[in-house]
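One structure below.
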Amino acid sequence: MWTKSSRDGKKRGRRERSFGGWCVAFPRRVLIVAGLLCIVFACAASGLSERLSVGGFAASGTPSARAEAWAARFGADRPELVLVLRPSRRALDSPAVQAAGRRITERLAAERGVSRARSYWTEADGALRSADGRSALVLADLSGSETDTARTAQRLVPRYTEHGSLFAVRATGPAWSLAQSTEQARTDLVRAELIAAPLTFAILALAFRSLAAALLPVVVGGLSAVGALAVLRVLTAVTDVSVFAVNLVGALGFGLAVDYALFIVARFREERARGLVPRAAAQASVATAGRTVAVSAGTVTAALAALLVFPFSFLRSMAYAGMAVVVLAALTAVVVLPAVLACWGPRVESLDPLARVRWAPAPTIGRDSPLWRAVAQAVTRRPLWWGAACMLLLTVMVLPFGHGRLGLADERILPTGVEAHATADLVRREWGTPPEGTLAVVLPRADPDVDKAALDAYGRRLSALPGVRGAVTVTGRYVGGRRVGEARPQRALPVPDPHPDPRARSYPRARSHPRTLPPDRRGRGTVATVSMVPDPQSERAADLVHAVRGLPSPGPGHVAGWAAQVVDARDALTSRLPLAAALIAAGTMTVVFWFTRSVVIPLKVLAVAALSLTAALGGIVHVFQDGHLRWLVGDFTATGTLDMTIPLLLFSVAFGLSVDYELFLLSRIQEHYRATGDNTEAVVHGIARTGRLFTAAALAVAVAMGALASSGVLLLKELGFGLALAVVVDATAVRGVLVPAVMRLAGRANWWAPARTRSPRHRRRRGPQTLSDPDISAPVSAPVGPGQPPVAPPSTPAEAPQQ
């Protein structure tokens, strides 16, 4: 017959033979291997910055991307670099200025990486002259991918923008915008770390009451970040990795390190308080909180993996970076952290920074919080009232998301004082047209000689469309359905397209024929250009793109331009969004069901997480699209839209973090419920036990993520603010009020599951089970010191039902 002691001995044996038991049994070996791996990762990550790509915000494989390739072959695509030249003393058309302008243009055309350069002085095109006649443009087409053009611009612009005796030169264009965004992101990464690191360390030191324990998240975050950078260095050999991925690795890696270290160290302290020696306490922490860390990491990884279905290279690289840092943070937390705890032992509790000024014992992470217990008791007494109030708050927060508008990033993601942004604003003012306000319709099968009548009729129809300022074909210029003049050379307006599609930019550069000649040897093919009135990211511009595409043309037509890219990017997003949502929902429900063996709880987790995160999205719409609360996040340019990649990335990362907190809370509630059979008391106990823990974790993660909001790049500012807001709302209103209210209303239905889905161990259970929780077990002896005999660890708490 099996006795309780024999069963406990069998459990202890299995636990000691587990991987976590081995890590605790040989901690010095684990730490030596971890140190060697850190050195290897650091060496492998060297040279990463030179291999990172820029751009990738436009959708690939879309009709507009293919049209951009056609436009490049016909010489009708946007110039990657734009120089604004203003003579300091003489007139624009004076002989000296004309000669100097031609020399600058010819010098730029001869530079390495420049395919072609043209200017007001070489083309005799009035569109390249400002309205006041005091400035002129030099346009340069750069060869290679977006990353190549950005590096070329970074090399060339300082040479040409030096103030000489004749011209004052300023630069803009998509290549220069990307180059300055990259440099700004690198500077912001250092500043964010300088802000986040000391503040987070101070929060952890106060929460743990120990400087030694506060160092543990630094260990986890450092190892995971270095490992993730090494993974990204390997990925650069096979795919594009965005320069902004490094910022995500730093913020997310440190945030998760704080979460995981808090949860494991809190459990370690509880086990030590029960009387376990350090190694046994570390082993029990891995078997309980460590297992929840592993499940949580799987959920966050699955949420990030859903980003891979979208055709945005920026999102794919951010997904790779996020998945790498999440997996490595979890591995470090369940392998290296227990080894450190086993080695340090009682020293983890040392170096209390406020020990000399405390007049009473300070609350400890991992113990009950009287404040959160009072909140939980109040919520469970009137769950309907509190739940409705919390739902009302979240509904108010989500309201701005109803008028959210998605677009694509341009040079306005940079601060207004940065040259690329300021010069683009100058072009808007002096040339009277937005940089992206032109559509190019490529007609590869139209013959300019044979199809003159058809092209003339097509130009008239284009110019008569609502929202069109004018149209140009080889047969003339058209306004309002009438021909008003001769045609200018077939080129687009002299202003930059902020972010060209990388596929459209790659292959047209490798060509032997001149840029301005059609690809067909017989000279067939032509381009019609359309100048639009509405903002290219507005709904009116989208309607115009659809109208141009639906207009009968002389042969197949390919519509290129920034407005067309915005339309296709939105279509690509909306077409893939159901698949991504289904993948996130299926992965989350599967993991939570396996973790809890409940049918109701996975549905509740999914609904609550989606509601709280939509509220965070409403917050970024209110701040960054509508332009409010600049004093909180710093100055920025409100463009009236949000870059469509940021809500997707924000939702995936924040959803994973939300489920992360939910799993730790559920593990505590379920543990107590199985011990007592009282659902209400289990909810109160879970909130009271994790409340202080979640508060500290939320503050630390909000600081780590919110440091990105200090960035000068609008994309990073939106991401950092949105993640910080999501974490704070989730850890307070959602975890503290909404979740206990819903679980109190559901009652025993929370834990219902079909009998066949329960594990055999759970089917045998009848009635409450006695668990090793300090608050509900028998009194324990004082903590065991290093000189006392070791105490055998009791049976592992049922942190998850399948153990």
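In this chain, residues are counted from 1 in sequence order.
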Search all heavy atoms of Leu211 against all heavy atoms of Ala205 and return the closest pair with its distance.
CD2-CB, 3.8 Å

Between Thr187 and Glu183 (side chain of the first, backbone of the second, donor and acceptor by atom type, cut-off under 3.5 Å), is there such a pair?
yes

Option from Val231, Asp240, Leu235 for which side chain to side chain contact (heavy atoms under 4.5 Å, CB included) with Tyr320 holds
Leu235

Partners meeting side-chain contact (heavy atoms from CB on, under 4.5 Å) with Arg233 (sequence neighbours left out)
Leu48, Arg51, Thr236

List the steps and the verdict of side chain to side chain contact (heavy atoms under 4.5 Å, CB included) for Ile413 and Ser181.
CA-CA 8 Å; Ile413 65 173; Ser181 298; 3.8 Å; yes

Residues passing the side chain to side chain donor-acceptor pair (under 3.5 Å) test with Glu419, sequence neighbours excluded, are Trp176

If you compare all heavy atoms of Ala319 against all heavy atoms of Leu308, which two are closest, and at what distance to 0.1 Å?
CB-CD2, 3.8 Å

Verify side chain to side chain contact (heavy atoms under 4.5 Å, CB included) between Thr301 and Val327, making sure each step is shown before the conclusion.
CA-CA 7 Å; Thr301 303; Val327 172; 3.9 Å; yes

Nearest 0.5 Å please: distance from the OG1 atom of Thr161 over to the CG atom of Leu83.
8.0 Å

The criterion is side-chain contact (heavy atoms from CB on, under 4.5 Å); which residues satisfy it with Arg630, sequence neighbours excluded?
Asp635, Phe636, Ala638

Verdict with reasoning, Leu408 to Thr645, per side chain to side chain contact (heavy atoms under 4.5 Å, CB included):
CA-CA 8 Å; Leu408 293 177; Thr645 60; 5.8 Å; no

Can you say whether the rings of Phe263 and Tyr661 are parallel (under 30°), tilted (30 to 60°) or perpendicular (over 60°)?
perpendicular

With sequence neighbours excluded, residues passing side chain to side chain donor-acceptor pair (under 3.5 Å) with Thr639:
Thr641

Ignoring hydrogens, what is the shortest heavy-atom contact between Ala214 and Phe201? Give both atom names and the distance.
CB-CE1, 3.7 Å

When you measure from the side chain of Arg151 to the backbone of Glu146, do you find a donor-acceptor pair of N or O atoms at a distance under 3.5 Å?
no

Decide yes or no for Phe694 and Asp730: does some side-chain heavy atom of the first lie under 4.5 Å from some side-chain heavy atom of the second?
no

Below 4.5 Å, heavy atoms only, C-beta onward: do Leu252 and Val326 meet side chain to side chain?
yes

Please tell me if the side chains of Leu142 and Asp148 come closer than 4.5 Å, counting only heavy atoms from C-beta onward.
no

Do you know which two heavy atoms are closest between Leu178 and Ala150, and how far apart they sit?
CB-CB, 4.1 Å

Straight-line distance of Leu426 CG to Glu430 CD, nearest 0.5 Å:
4.5 Å

Donor-acceptor contact below 3.5 Å, side chain Ser575 vs main chain Ala572:
yes

Which atom pairs, donor and acceptor, lie under 3.5 Å between side-chain atoms of residues 714-728 and protein residues at least two apart or in another chain?
unit_1	atom_1	unit_2	atom_2	d
Lys717	NZ	Val633	O	2.7
Lys717	NZ	Ala709	O	2.9
Lys717	NZ	Ser711	O	2.9

With a 4.5 Å cut-off on side-chain heavy atoms, are Arg170 and Arg86 touching?
no

Do the non-hydrogen side-chain atoms of Ser60 and Arg316 ever get within less than 4.5 Å of each other?
yes

Sequence-distant partners of Phe314, ring-ring contact (aromatic ring centres under 6.0 Å, His included), two or more places apart
Phe57

Carefully, step by step, assess Gln180 and Glu411 under the rule side chain to side chain donor-acceptor pair (under 3.5 Å).
CA-CA 9 Å; Gln180 293 202 295; Glu411 76 283 338; over 6 Å; no

Measure from the side-chain N and O atoms of Thr147 to the backbone N and O of Val54, and report whether any donor-acceptor pair falls under 3.5 Å.
yes

Quick one: does any side-chain atom of Asp643 pair with a main-chain N or O of Ala409 as donor and acceptor, under 3.5 Å?
yes

Point-to-point distance, once rounded to the nearest 0.5 Å, from CD1 of Ile195 to OG of Ser710:
4.0 Å

Review item, side-chain donor-acceptor pairs of residues 648-657, under 3.5 Å, at least two apart:
unit_1	atom_1	unit_2	atom_2	d
Ser652	OG	Leu648	O	3.1

Determine whether Val219 and Leu337 satisfy the following criterion, side chain to side chain contact (heavy atoms under 4.5 Å, CB included), listing intermediate values before the conclusion.
CA-CA 8 Å; Val219 174; Leu337 186 55; over 6 Å; no

Using a 3.5 Å distance criterion without hydrogens, assess whether the side chain of Arg570 forms a donor-acceptor pair with backbone atoms of Leu406.
yes

Restricting to pairs with a member in residues 323-332, which pass side chain to side chain donor-acceptor pair (under 3.5 Å), not counting sequence neighbours?
none

Below 4.5 Å, heavy atoms only, C-beta onward: do Val293 and Ile264 meet side chain to side chain?
yes

Would you compute the distance between atom CG of Asp568 and atom CD of Glu68 and round it to the nearest 0.5 angstrom?
10.0 Å

Smallest separation among heavy atoms of Gly712 and Pro415, with atom names
O-CD, 3.2 Å

Counting only pairs under 3.5 Å, give me each side-chain donor-acceptor contact of residues 615-626, with atom names and distances, residues two or more places apart or in other chains.
unit_1	atom_1	unit_2	atom_2	d
Gln625	OE1	Arg405	N	2.8
Gln625	NE2	His403	O	3.0
Asp626	OD1	His403	NE2	3.3
Asp626	OD2	His403	NE2	2.9

Using side-chain heavy atoms (C-beta onward) and a distance below 4.5 Å, is Val566 in contact with Pro536?
no

Restricting to side-chain contact (heavy atoms from CB on, under 4.5 Å), what partner residues turn up for Ala580, sequence neighbours left out?
Ala306, Val309, Phe310

Donor-acceptor pair, distance only, cut-off 3.5 Å: does the side chain of Ser143 make one with the backbone of Gly113?
yes

Note, Thr299 side chain near Glu662 side chain (heavy atom, < 4.5 Å):
no

CG of Leu223 to CG of Leu328: how many Å apart, nearest 0.5 Å?
9.0 Å

Side chain to side chain donor-acceptor pair (under 3.5 Å) involving Arg159 - partner list, sequence neighbours excluded:
Glu111

Side chain to side chain donor-acceptor pair (under 3.5 Å) filter on Ser296, not counting sequence neighbours, yields Asp660

Closest non-hydrogen atom pair, Ala696 against Leu262
C-CD1, 4.0 Å

Inter-residue atom distance Leu611.CG - Thr395.OG1, 0.5 Å rounding:
6.5 Å

